[in-house]
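Scroll down for the structure; my scribbles are underneath it.
All chains are named by letter (A, B, ...) in the order of the sequence lines, taking the proteins before the strands, and each is independently numbered beginning at 1. Note that the coordinates shown come from a computational prediction; the quantities given were computed from them, not determined experimentally.
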There are 2 protein chains.
Amino acid sequence: MADQKKTKRRITSVDVAREAGLSRATVSFVLNDTPGQSIPEATRQRVLQAAARLGYTPYAPARTLRSGRSDVVLFVLPDWPQGHTVAELVDRAAQVLAGAGLTLVTHVHTGQDDDLARLWTALAPAAVFGMRPFTAHELAGMRRANIAAVLPSPEQSGHDVGSTLWLNGVGRLQAQYLIGKGHTRLAYVLPDDPRLSALGQGRAEGAAQVCAEAGLPVPIVSTIPLDTAAAAETVAGWRQPPTAVCAYNDEVALALLAGMRKLGTSLPVIGADDIPAARFALPPLTTVAQDSGELGARIAAALLRALNGEPSQLDVLPDAGIRVVERESA
Amino acid sequence: MADQKKTKRRITSVDVAREAGLSRATVSFVLNDTPGQSIPEATRQRVLQAAARLGYTPYAPARTLRSGRSDVVLFVLPDWPQGHTVAELVDRAAQVLAGAGLTLVTHVHTGQDDDLARLWTALAPAAVFGMRPFTAHELAGMRRANIAAVLPSPEQSGHDVGSTLWLNGVGRLQAQYLIGKGHTRLAYVLPDDPRLSALGQGRAEGAAQVCAEAGLPVPIVSTIPLDTAAAAETVAGWRQPPTAVCAYNDEVALALLAGMRKLGTSLPVIGADDIPAARFALPPLTTVAQDSGELGARIAAALLRALNGEPSQLDVLPDAGIRVVERESA
DNA sequence: CTGAAAGCGCTAACAT
DNA sequence: ATGTTAGCGCTTTCAG
């Protein structure tokens, strides 16, 4: 039989055109409702119905090849433990982008090798967003891959989104809260994890700023592994104990609390992130929570602006949606 | 000036060919090292160097359009709170897929609307993997979009990966552990979150199975919100208290512990997931940990098989890499 | 208002 | 061993 196909063929716009008894151009016009074309409603319907009947799906690669414009946006997520926070951020960002016809996908980058390049080339995204500044090498690669928008933008290198947006604000708020309670000597406790060190620095610096502004000594900064005994040691090792301590996040705070329990001592502690476990701690953990959905939306908006060619600095209310959740630990 | 380009042009394989003084075909051959072509090493190098000099990047949409084969794999992540676990899983899967020249991207699906369709059409992935079974509607959409492999495969519907792989095994192990300690009346406590109910059922059932096998009564199943007072109420409300309790995950377990503390009672508790906070609980939480990296690798392998046309049931050692981390709570 | 036709960048027969 | 060439499915002038 001559018309026997060996392999299942894709349904193309040609099929739709044939089914509707029209030309491919017309089909394309109505399917994308191209502006500046006046298609009679009857024709429109004919196309739409034909497409539906056939189960037509436009084929992205072809569309992209022709138009030179992909509608995929890539979020490169950092290696650090993903919490609720990040999920929420991504989710809201995806919503906003979807509103502009863009599709967001994520990829967590473990920093192993330079597989980031593979990502761009495999996806040919319209835009890429990363939570940390890209290296010169990476930027060069993306430029060659003709990616339309990159954030954080090359110009604002040195400031990753983390340090710009979060860490600072969180650290500041923690210190402000504690100082407001009358504390005068703070400690800032950072986690062991090297992946978190940049963020940790940022938060600690935020706290230091606030202390300086209030004429207080800068916090003692300690780094601890996520381990009760180690936390206890650290606390016991403070020569001149602080009157209260800020933790990089709730996990560190929990470690601290456990360490102090072991020691039989007690110091006010404030965490960050408001993970579910925080409220079940002994004592329940006071912490800084943030509306990361809002942040996601903001990022998406910046990306959209950048795609429109407007120079978009993703500038930042560092304190957007950050608040302290007061419980009993501080 | 005639040769003044208005817009930055993409570097194509034609440019490489010109630069190397060869034809596009030759370039294509060496760049993909097409089998069954004998290219002299000298020529190879000439191409490679020309490409490097120009900073040539192949353009995925064109390649995909022509070859009919995308090398993107899409992971659709469920709505439920993403932990360390999922990150690890995805990460390992990505590694394995990368080994086969495939690039993994993820998208968390909030289940809002049917934006999943958008995803496929925007990405044209070679394969899609989801943590829950796809609906008939979704499957139809993917078929039309000519996606080569889908897992869980339509045939094994009714079993999502969660229930098949994890829940069961985790619940079973929890119960086994407790029974091994001499307990005879168990409770299973599930979280409030509706997104988690399917998984919860699975784990609870696993425990029930084990109890039945051991000739013990099936566990009482309770559902609690993540709240200390509510947890206390639930515990206080048990007519005939269990001798020990399994929690759906560590967060629920922590809530339980907090509730009991409030009540002044105490019951052995075993959690699941081994989140960082578990070890800082009072008492430190005994829990079931899993090597989700291994699972990720397994999933990736199954996907690869499916892409090769081998019927791949993603069959499953339900207990792969699951173990209990014994601490003091049980 | 609709149709014909020219490519987008790439791969893979088919020639040479 | 290298070159020529025909599309992949789609958008978009340009004619009619």
>> Expressed as a whole number of angstroms, how long is the span from B/Arg10:CZ to C/dC8:P?
In response: 13 Å
>> D/dG3, OP1 or OP2 - any side-chain N/O from B/Thr26 closer than 4.0 Å?
In response: yes
> Which whole-number value in Å describes the distance from B/Arg46 CZ to D/dG3 C1'?
Replying inline: 13 Å
> Base, sugar-phosphate, or nothing: which does B/Thr43 touch, judged by heavy atoms less than 4.0 Å apart?
Replying inline: sugar-phosphate
>> On the nucleotide D/dC8, are OP1 or OP2 found under 4.0 Å from the side-chain N or O atoms that A/Thr12 carries?
In response: no
>> Applying a 4.0 Å non-hydrogen cut-off, can you work out what A/Ser28 is touching in the nucleic acid: base, sugar-phosphate, or nothing?
In response: base
>> Please check this pair: side chain of B/Asp91 against backbone of B/Ala87, looking for a donor-acceptor N/O pair closer than 3.5 Å.
In response: no
>> In this structure, how many angstroms lie between the P atom of C/dT11 and the CG atom of B/Asp71, rounded?
In response: 11 Å
> Given atom CZ of A/Arg69 and atom C1' of C/dG9, what is their separation to the nearest angstrom?
Replying inline: 18 Å
> Ignoring hydrogens and geometry, is there a side-chain-to-backbone donor-acceptor pair from A/Arg92 to A/Ala297 under 3.5 Å?
Replying inline: no
>> In this structure, how many angstroms lie between the P atom of C/dT2 and the CZ atom of A/Arg18, rounded?
In response: 19 Å
> Are A/Val96 and A/Ile299 close enough that some pair of their side-chain heavy atoms sits under 4.5 Å apart?
Replying inline: no
> So which one's nearest nucleotide on DNA chain D is more toward 5', B/Arg24 or B/Ser67?
Replying inline: B/Arg24
> Could you give the CG-to-P distance, from B/Leu22 to C/dT16, as a whole number of Å?
Replying inline: 20 Å
> Is any side-chain heavy atom of A/Gln45 closer than 4.5 Å to a side-chain heavy atom of A/Val30?
Replying inline: no
> Between CG of B/Leu48 and CG of B/Asp33, what distance do you get to the nearest 0.5 Å?
Replying inline: 9.0 Å
> Of all of residues 47-66 of chain B, which get a heavy atom below 4.0 angstrom from DNA chain D, listed by number?
Replying inline: B/Leu65, B/Arg66
> Between C/dT2 atom P and A/Arg44 atom CZ, what is the distance in whole Å?
Replying inline: 12 Å
>> One pair to check against side-chain hydrogen bond (donor to acceptor under 3.5 Å, both in side chains): B/Ser70 and B/Thr64. What are the steps and the verdict?
In response: CA-CA 5 Å; B/Ser70 153; B/Thr64 302; 5.0 Å; no
>> Looking only at the side chain of A/Pro40 (C-beta and beyond, no hydrogens), which of the listed nucleotides C/dA13, C/dT2, D/dG9 gets closest?
In response: C/dT2
> Can you find a heavy atom in the side chain of A/Val86 that is under 4.5 Å from one in the side chain of A/Phe75?
Replying inline: no
> What nucleotide, of C/dC10, D/dG9, D/dG3, holds the atom closest to the side chain of B/Ser23?
Replying inline: D/dG3
>> Whole angstroms only, please: what is the CZ-P distance between A/Arg144 and C/dG9?
In response: 17 Å
